[in-house]
Chemist: 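Here it is, the structure, as structure tokens.
Convention: sequence-line order gives letters A, B, ...; per-chain numbering from 1.
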Amino acid sequence: MKSLPKIYQPQDYELSIYQKWEASGFFNPDKLPGKRKKTFSIVLPPPNVTGQLHLGHASMLSYQDIMIRYHRLKGDKTLWLPGMDHAAIATQNVVEKELKKSGLSRQALGRENFLERVNGFVASSRITIRNQLKKMGSSLDWSRERFTLDESSSVAVQTAFVKMHDDGLIYRGYRIVNWCPRCKSTLADDEVEYRETKAPFYYFKYGPVIIGTARPETKFSDKIIIVHPKDKRYRDLVNQEFEVEWINGKIRAKVMADEAADMAMGTGAMTITPAHSFADFDLAKKYNLEIKEIINADGRLTAVAGEFAGQKAAVVRKAIVDKLAQKGLVDHIDEDYVHNLSVCYRCGTPIEPRPSKQWFVDVNKKIPGRGKSLKRLAIEAVKKNKIKIIPDRFNKIYFQWLDNLRDWCVSRQIWYGHRIPVWYQKTNKKMGFYEKVIPQVYQGKTKTYRLRDHDFKVDDKVAFENSQSGEIFGEGEIIDVKTMTVGQIDLQDKAHGATYQTVEELIQAFKKHHPDKEVARQTPVWIYEYKFKENKEKIYVGIEQPQGEGWVQDEDTLDTWFSSGLWTFLTLGWPDKTRDIKDFHPTSVLETMYDILFFWVARMIIMSTYFMKEIPFKTVYLHAMVKDKQGRKMSKSLGNGIDPLEMIERFGADALRLSMIIGATPGTDMRLYEEKIAGYRNFVNKLWNISRYILTSVKEIKRVVEAPQPATLADGWILSELAKIIKSTGENIEGFKFSLAGEELYEFSWNKLADWYLEIAKLEGGKDEILLYILENLLKLWHPFCPFITEVLWESFESGELLMVQEWPELKIKNSKPVPSRAEGFEIRNFDLLRELITAVRNIRAENKIDARQIIDLTVKAKEQKLIEANKVLIEGLARVKLVEQTSGRPASLPWAELILDIKANPELEKKRAVEIKNLRRYLEIQTKKLSDASFIKKAPAEIVEQEREKLKEAQARLDK
RNA sequence: GGACACAUAGCUCAGUUGGUUAGAGCGUCGCAUUCACAUUGCGAAGGUCCCUGGUUCGAGUCCAGGUGUGUCCACCA
């Protein structure tokens, strides 16, 4: 045997142990030894490729590896499938930040070059993360590793999109969406966070009413005042129209009654801002109001804002208020108003709700042929107990979220991600129209004049585009082209649109749109006559680019959670029908932190019940968030984070794993701090030395698989304790009680085995078989929790086999003789009497400050004289006494025995006894009172009453002594 | 506004279905080093189980109300 050092140094072993595991191929379920029928599978929640392993990862890896290793030992065909998430917005942000340092932007690089950069970053990031996962000891099947953005994932994602579209579950709509002006992208509802912020709340005079708002910069074109129909204050105003002095001049405003107005809020009157508020957008649709964009994609004000156009919305607020103040329109300002500011969960930038055309997943529409909506499927999966969530209080939270779920916006205006598999057939030539003119086109305008030559020819097909929004609103063909000068334009020709009365007006209009050009009567113009046909874009939804000319793919990418929603089956080879899907889907357990219950868990349930027609996993185990010792969230800005890699370096992966598991309750946040990890480092070292003692004290190191027969009471005791712990550890792991499993094993190893049995073994001797049997099982039981040290110790058997694929002890126990409940003629539980006796003697020795080395005489008077006699060696050794027949000295008592120790009386002990007697008297008093209570005697179970009487007697007897 | 969780020793937490005098780890204090382990051993001190009321023979545990802390959801003119 290799000699084992006194202290376990994890750094000396962990790397090579992991390599041995990996080289064995046993992480791969196909290569596991033996016949394995039952399967057990977990897909690893894919870490984002953005960065470093943090404690959240360490925590989930610990839980999952425990389950995986346990099931592998139990003989299941066990798969733990690794992967990583491309984390679209997050990753793009990281790379953009890097670019910014060298003064670059993604726009400057262009889509292709930028994506190349991202891919470079991701490639190196993946290597880092892979190594970090290995450092935790994770027994992941690397041969099956997947990435949410690898080629086959793309096929799966596109297939999924197309299928959903074909079923009518994905549609394109013009709606208000959450817009992050910094990420320049939409966000899903649950990607928005709320922060309580103090901001001034303004009350403005708006015609006959006073309106309150926190966002004056969105109110340029508000024309409708809403009041509650039952609001007496405004009853007379309803349906009236007013000329209102407003930010940029007069506005015609109308008062309408709608129950959307909250009488108790502010002044009870509000104006509608259709384009920049979710609620107002719905109202605008209800009353068919114009939806005018005031804030653009950059977060700047549009032309609607007049003099304020082009400025950042948030910056210009003050100036707008000042202007209103000058006009005397500010009623008052509430400076201490607290409201929930919505911000981007990725970058913290305030969200601008704005209207745009996006792709949505319809969660309420019934799926063709199934009669149920996606929402319904997801609710039923949990409601009908097909999926069990631990802890179960999250059921309620899950249902609540689904009940409130609105259609899911899945398109993102970022570059990194799965490109949306939609193609538009664009006519090569585009004719742009100023927004104001578009209605005239619909009304029959058939000619347009242009200051530059668009190079259109007769019969050219053109697309009609809204120059402001870029939206295609129709198509047509050129039927005539004329060249002339501005002065020659026939203003009477209705086909032009008849907007201008004089040539001067026309020239002014030209100048407004083309401020860079000189325009005069002699300026040449081109007049194009066209045929207009209202037409939406031609759309093709499919994986391959369609045949024909002019097809262009949608610029947008998909929400990163769209692809992660497919994770449980995508990773197993979907859309192909694979053996892996048959074997491992639905997966057994989904283990993750509760904070992505909605983002991810719910979406996987939606996607799997829809695509696979089965649940993605049977159990959801939600672990806690790891916080610092003060209960604060760990964060970079607070600098209170614990780096798991540093902890592994200092204390070992095993210690870190234990510290995250023991003392943690699912769903309830846990606090972690270095001292705790150090505590488990101490335990790991204890385990090392327990093993070291056994391995160095036995004559021959060999495997003892069958339970040996106990020779002494102590043997019987430890063997029965071991049998108990073998049973309960399995039960606890399968019942997801990981903390309890760890605690019990800890208690067994340290407080029972090391503190008692090993000390007894030294005294009684001849216990090689039992010690080796205990070690064999101890290593197996601990292996799921601390795989490294147990595997290192297992090597001492020199069996040439790995511990990770041994047989779980419980399987062996089932087939062997039960551990006797008696040993050496005594009931096993009598061993507790011996422990009690020894502790009592130690106690008295310590109180009387007797030198630990000094052997003192002890007389024990009890009915159990035989027990004392048979365990003489043990008592004398552990209590450091000599058992004698008669002596005079200090008496002490146990409930079942009287002890006399040969020591001199001392004042401290006298004091002690006085207190003890006082307590005993008090107890007797209480107990007597209890037993004289008639209702107690009448109603309490007879055995309880009897027990209480016994206790009274015992206490009386003790007092008498 | 709605919902949920937590409150037990100085600190971090266990405490199953109500049932002996409420436990552990860390920390503190005392003693111990030829011993598998000082990353150790033996022992001790330390508690109004947040408050009030109720159910019960009996409540840390069940019920009602309250206080404090935290989280989620909704709203936000």
Chemist: Which of these nucleotides, B:C42, B:C37, B:A5, is closest to any side-chain atom of A:N689?
Modeler: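 The listed nucleotide nearest to A:N689's side chain is B:C37.
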
Chemist: On a whole-Å scale, what distance lies between the C1' atoms belonging to B:A5 and B:A44?
Modeler: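 Approximately 37 Å lies between the C1' atom of B:A5 and that of B:A44.
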
Chemist: Quick one: the side chain of A:K6 and the base of B:A36, do they pair up donor-acceptor inside 3.5 Å?
Modeler: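 For A:K6, whose side chain was compared with the base of B:A36, there is no donor-acceptor pair (under 3.5 Å).
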
Chemist: Rounded to the nearest angstrom, tell me the gap between atom NZ in A:K627 and atom C1' in B:C6.
Modeler: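 Those two atoms, NZ and C1', are 11 Å apart.
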
Chemist: Could you check how far CG of A:N404 sits from P of B:G1, rounded to whole Å?
Modeler: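 Taking atom P of B:G1 as the reference, CG of A:N404 is at 18 Å.
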
Chemist: Would you tabulate the pairs of protein nitrogen or oxygen atoms and nucleotide nitrogen or oxygen atoms of nucleotides 2-4 of chain B closer than 3.5 angstrom?
Modeler:
residue, atom, partner, partner atom, Å
B:A3, O3', A:K396, NZ, 3.2
B:C4, OP1, A:K396, NZ, 3.1

Chemist: Sticking with atom P, work out how far B:U56 lies from B:C51, rounded to a whole angstrom.
Modeler: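 It comes out at 23 Å once rounded to the nearest Å.
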
Chemist: So, using side-chain hydrogen bond (donor to acceptor under 3.5 Å, both in side chains) as the criterion, who are the partners of A:Y594 when residues are at least two apart?
Modeler: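 Applying side-chain hydrogen bond (donor to acceptor under 3.5 Å, both in side chains) to A:Y594 gives A:D669.
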
Chemist: List in chain and number order the residues that pass salt bridge (charged side-chain N to carboxylate O under 4.0 Å, His left out) with A:E743, two or more places apart in sequence or in another chain; answer none if no residue qualifies.
Modeler: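 Per chain and number, A:E743 pairs via salt bridge (charged side-chain N to carboxylate O under 4.0 Å, His left out) with no residue.
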
Chemist: With sequence neighbours left out, what residues match A:R603 under side-chain hydrogen bond (donor to acceptor under 3.5 Å, both in side chains)?
Modeler: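 With neighbours one apart ignored, the set is A:D190.
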
Chemist: Among B:A36, B:U39, B:A77, which nucleotide sits nearest the side chain of A:E759?
Modeler: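 It is B:A36.
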
Chemist: Roughly how many Å apart are B:G66 and B:A59, using the P atom of each and rounding to a whole number?
Modeler: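 To the nearest whole Å, 24 Å.
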
Chemist: Without decimals, in angstroms, what is the distance between A:M263 CE and B:A77 C1'?
Modeler: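 Atom-to-atom, A:M263 to B:A77, this comes out as 15 Å.
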
Chemist: Just to verify, what does A:K205 make a salt bridge (charged side-chain N to carboxylate O under 4.0 Å, His left out) with, not counting sequence neighbours?
Modeler: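 If we apply the salt bridge (charged side-chain N to carboxylate O under 4.0 Å, His left out) test to A:K205, skipping adjacent residues, there are no hits.
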
Chemist: In whole Å, measure the gap between the P atoms of B:G53 and B:C13 for me.
Modeler: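 So the two P atoms sit 30 Å from each other.
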
Chemist: Taking only side-chain nitrogens and oxygens of A:R692, does any of them come within less than 4.0 Å of OP1 or OP2 of B:C37?
Modeler: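 A:R692 to B:C37 OP1/OP2: side-chain N or O found under 4.0 Å.
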
Chemist: Which whole-number value in Å describes the distance from A:E747 CD to B:G23 P?
Modeler: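 To the nearest whole Å, that distance equals 13 Å.
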
Chemist: Looking for any heavy atom pair under 4.0 Å, which part of the strands does A:R681 touch: base, sugar-phosphate only, or nothing?
Modeler: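 Base, at least one base heavy atom under 4.0 Å.
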
Chemist: Roughly, in whole Å, what's the span from CZ in A:F278 to P in B:A77?
Modeler: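 Value for this atom pair: 12 Å.
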
Chemist: Checking all strands, does A:Y194 fall into the base, sugar-phosphate, or nothing category for heavy-atom contacts under 4.0 angstrom?
Modeler: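 Contact class for A:Y194: base.
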
Chemist: Partners of A:Y757 by ring-ring contact (aromatic ring centres under 6.0 Å, His included), sequence neighbours excluded?
Modeler: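 ring-ring contact (aromatic ring centres under 6.0 Å, His included) list for A:Y757, sorted by chain: empty.
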
Chemist: When the nearest nucleotide of RNA chain B is assigned to A:Q630 and to A:K633 on a heavy-atom basis, which residue is associated with the more 5' position?
Modeler: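 Closest to the 5' end, via its nearest nucleotide, is A:Q630.
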
Chemist: May I have the distance from A:D669 (atom CG) to B:C72 (atom C1'), rounded to whole angstrom?
Modeler: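 So the two atoms are 12 Å apart, to the nearest Å.
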
Chemist: Determine the contact category for A:D755: base if any of its heavy atoms lies under 4.0 Å from a base atom, sugar-phosphate if only primed atoms, P, OP1 or OP2 are that close, otherwise nothing.
Modeler: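 Answer is sugar-phosphate: A:D755 comes under 4.0 Å of backbone atoms only.
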
Chemist: Do side-chain atoms of A:S691 reach the backbone of A:L793 as a donor and acceptor pair under 3.5 angstrom?
Modeler: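 No, A:S691 side chain to A:L793 backbone: no donor-acceptor pair under 3.5 Å.
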
Chemist: Any salt bridge between A:R829 and A:D832, counting N to O under 4.0 Å?
Modeler: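 Result for this pair is no, no salt bridge flagged.
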
Chemist: How are the rings of A:F738 and A:F736 set relative to one another: parallel (under 30°), tilted (30 to 60°) or perpendicular (over 60°)?
Modeler: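 The arrangement is perpendicular - the two ring planes meet at more than 60°.
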
Chemist: If you look at every strand shown and take non-hydrogen atoms under 4.0 Å, does A:A214 touch a base, only sugar-phosphate, or nothing?
Modeler: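 The residue A:A214 makes sugar-phosphate contact but no base contact.
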
Chemist: If the C1' atom of B:A45 is compared with that of B:C29, how far apart are they to the nearest Å?
Modeler: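 After rounding to an integer number of Å, I get 7 Å for this pair.
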
Chemist: In whole Å, I'd like the distance from the CZ atom of A:R880 to the P atom of B:G41.
Modeler: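 To the nearest whole Å, that distance equals 17 Å.
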
Chemist: Compute whether any side-chain donor of one residue and acceptor of the other, for A:N732 and A:E744, lie under 3.5 angstrom apart.
Modeler: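 Their side chains do contain a donor-acceptor pair, which is all the 3.5 Å distance test asks for.
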
Chemist: Mind checking if A:N340 touches a base, just sugar-phosphate, or nothing, with heavy atoms under 4.0 Å?
Modeler: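 Since a base atom lies under 4.0 Å of A:N340, the category is base.
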
Chemist: Name all residues meeting the salt bridge (charged side-chain N to carboxylate O under 4.0 Å, His left out) criterion together with A:R692; count only those two or more places apart in sequence or in a different chain, and write none if there are none.
Modeler: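 Checked A:R692 against salt bridge (charged side-chain N to carboxylate O under 4.0 Å, His left out); zero matches.
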
Chemist: Taking atom C1' in both B:A24 and B:U33, what distance in whole Å separates the two?
Modeler: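 After rounding to an integer number of Å, I get 27 Å for this pair.
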
Chemist: Distance between the C1' atoms of B:U12 and B:G46, in whole angstroms?
Modeler: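 Result for the C1' pair: 16 Å, nearest Å.
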
Chemist: How would you label the contact of A:A761 with the nucleic acid (heavy atoms, under 4.0 Å): base, sugar-phosphate, or nothing?
Modeler: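 No contact.
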
Chemist: Name the residue from A:D282, A:I225, A:D222, A:L283 that meets the side chain to side chain contact (heavy atoms under 4.5 Å, CB included) definition with A:I272.
Modeler: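 It is A:L283, the one option of A:D282, A:I225, A:D222, A:L283 that forms the side chain to side chain contact (heavy atoms under 4.5 Å, CB included) with A:I272.
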
Chemist: Which part of the nucleic acid, if any, lies within contact of A:S697, taking any heavy atom under 4.0 Å across all strands shown: a base, the sugar-phosphate backbone alone, or nothing?
Modeler: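 If one applies the 4.0 Å heavy-atom cut-off, A:S697 turns out to touch nothing in the nucleic acid.
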
Chemist: Using the 3.5 Å cut-off, write out each protein N or O paired with an N or O of nucleotides 25-32 of chain B and the distance between them.
Modeler:
none

Chemist: Can you list the residues that meet the side-chain hydrogen bond (donor to acceptor under 3.5 Å, both in side chains) rule with A:D628, with sequence neighbours excluded?
Modeler: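 A:D628: side-chain hydrogen bond (donor to acceptor under 3.5 Å, both in side chains) contacts with A:R632, A:N640.
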
Chemist: Counting any heavy atom closer than 4.0 Å, what does A:F399 reach on the DNA or RNA strands: base, sugar-phosphate only, or nothing?
Modeler: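 Here A:F399 touches no strand at all.
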
Chemist: Which part of the nucleic acid does A:T839 contact within heavy-atom distance under 4.0 Å: base, sugar-phosphate only, or nothing?
Modeler: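 Here A:T839 touches the backbone only, sparing every base.
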
Chemist: Measure OH/A:Y757 against P/B:G41 and give the value in whole Å, please.
Modeler: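 Checked: the OH to P distance equals 19 Å.
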
Chemist: May I ask you to verify if any side-chain N or O of A:S739 is less than 4.0 angstrom from the OP1 or OP2 atom of B:A14?
Modeler: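 No, outside the criterion.
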
Chemist: Just to be sure I understand: a Watson-Crick pair is purine N1 to pyrimidine N3 plus N6-O4 or O6-N4, both under 3.5 Å. Using that and G-U wobbles, which stems of three or more pairs involve RNA chain B?
Modeler: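 Ordered by first number, the stems with RNA chain B (at least 3 consecutive pairs each) read B:1-7 with B:67-73, B:10-13 with B:23-26, B:28-32 with B:40-44, B:50-54 with B:62-66.
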
Chemist: Say we look at B:U20 and B:U67: how far apart would their C1' atoms be, to the nearest angstrom?
Modeler: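 One C1' to the other, the span is 33 Å.
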
Chemist: Does the side chain of A:R671 get closer than 4.0 angstrom to OP1 or OP2 of B:C13 through an N or O atom?
Modeler: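 Indeed, a polar side-chain atom of A:R671 lies that close.
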
Chemist: By the 4.0 Å heavy-atom rule, please label A:I211 as base, sugar-phosphate, or nothing.
Modeler: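 It contacts nothing in the nucleic acid.
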
Chemist: Can you list the residues that meet the salt bridge (charged side-chain N to carboxylate O under 4.0 Å, His left out) rule with A:E193, with sequence neighbours excluded?
Modeler: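 With sequence neighbours excluded, A:E193 shows a salt bridge (charged side-chain N to carboxylate O under 4.0 Å, His left out) to no residue whatsoever.
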
Chemist: May I ask you to say what A:A754 touches in the nucleic acid, namely base, sugar-phosphate or nothing, with a heavy-atom cut-off under 4.0 Å?
Modeler: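 Touches a base.
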
Chemist: Is A:H276 reaching over with its side chain to a backbone N or O of A:I295, donor-acceptor style, under 3.5 angstrom?
Modeler: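 Yes, because the side chain of A:H276 sits within donor-acceptor range (under 3.5 Å) of the backbone of A:I295.
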
Chemist: Nearest to the side chain of A:D262, heavy atoms from C-beta on, is which of B:A14, B:A77, B:U39?
Modeler: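 When the side chain of A:D262 is considered, B:A77 is the closest of B:A14, B:A77, B:U39.
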
Chemist: Identify, with sequence neighbours excluded, every residue that meets side-chain hydrogen bond (donor to acceptor under 3.5 Å, both in side chains) alongside A:D768.
Modeler: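 Testing A:D768 for side-chain hydrogen bond (donor to acceptor under 3.5 Å, both in side chains), a comparison that skips the adjacent residues, returns none.
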
Chemist: Closest approach to the side chain of A:R842, judged atom by atom: which nucleotide of B:C42, B:A14, B:A77 is it?
Modeler: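 Nearest to the side chain of A:R842 among the choices is B:C42.
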
